[in-house]
K.L.:
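Sharing a structure, written as structure tokens. Questions coming.
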Amino acid sequence: MIDTISRFLRAVAFAVLALVGMVMALAFMISTAIAVGILYIVAKVRGKPFGVRAYWSQRQTTRGNSFRPGSASSSSFTPPRGEVIDVEVREIR
């Protein structure tokens with residue numbers, strides 16, 4: 001009898017946790033949809049295209065990165081000033 005009650009309580013706890021997780025996922029999906037909707041409306045008001053390609057091309061031009069994959073070897077790439085290209089690692093004992 002006690003084993004049956006224990007299994008029932010575990011099943012109820014699992015179901016509650018599953019429902020809480022689904023509610024959290026639903027809230028995340030809704031908030032993401034709202035954010036994308038706001039970005040879409042702002043892009044339309046500004047008269048700019050909204051999409052991944054437009055965003056990526058804008059990011060590439062604003063960074064001033066002249067490197068294009070496949071167009072030159074990586075040895076001829078010079079990063080913009082101030083960009084970190086090397087990190088020193090120290091062992092802590």
Side-chain angles (χ1 to χ4, degrees):
M1 181 71 180
I2 292 185
D3 187 45
T4 306
I5 294 173
S6 175
R7 286 184 181 188
F8 177 74
L9 289 177
R10 280 190 216 152
V12 168
F14 181 78
V16 168
L17 285 175
L19 287 174
V20 168
M22 286 193 300
V23 167
M24 290 171 63
L26 182 66
F28 177 72
M29 287 172 35
I30 290 171
S31 65
T32 302
I34 291 171
V36 169
I38 290 171
L39 290 173
Y40 179 78
I41 291 171
V42 168
K44 287 297 177 186
V45 167
R46 290 184 179 176
K48 295 183 178 180
F50 179 77
V52 175
R53 287 184 190 161
Y55 175 75
W56 185 252
S57 64
Q58 179 188 7
R59 285 288 290 169
Q60 291 300 317
T61 56
T62 57
R63 288 178 63 199
N65 189 355
S66 62
F67 178 71
R68 299 281 185 251
S71 64
S73 66
S74 60
S75 62
S76 65
F77 172 65
T78 55
R81 252 186 134 166
E83 185 175 334
V84 176
I85 58 170
D86 194 11
V87 177
E88 182 180 340
V89 179
R90 296 182 184 179
E91 188 174 323
I92 299 174
R93 294 183 186 208

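Quantities reported herein were computed from a predicted structural model and do not represent experimental measurements. What's counted below: heavy atoms across the whole structure, side chains too, no hydrogens, waters or symmetry copies.
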K.L.:
Restricting to side chain to side chain contact (heavy atoms under 4.5 Å, CB included), what partner residues turn up for V12, sequence neighbours left out?
P.N.:
F8, V16
K.L.:
Side chains of V36 and F50: does their closest heavy-atom pair fall under 4.5 Å?
P.N.:
yes
K.L.:
Between S6 and I2, is there a donor-acceptor pair closer than 3.5 Å when you use the side chain of the first and the backbone of the second?
P.N.:
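Looks like no, no N/O pair under 3.5 Å.
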K.L.:
Please say which of T4, L9, D3 ends up in a side chain to side chain contact (heavy atoms under 4.5 Å, CB included) with R7.
P.N.:
D3
K.L.:
Share the residues that join L19 in a hydrophobic cluster, the rule being Ile, Leu, Val, Met, Phe, Trp or Tyr side chains under 4.5 Å apart at the heavy-atom level.
P.N.:
M22
K.L.:
Tell me who clusters with I34, hydrophobic residues only, linked when side chains sit under 4.5 Å apart either directly or through other members.
P.N.:
L26, I30, I38, V42
K.L.:
Which pair of heavy atoms, one from P49 and one from A43, lies closest together, and at what distance?
P.N.:
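That closest heavy-atom pairing would be O-CB, 4.4 Å.
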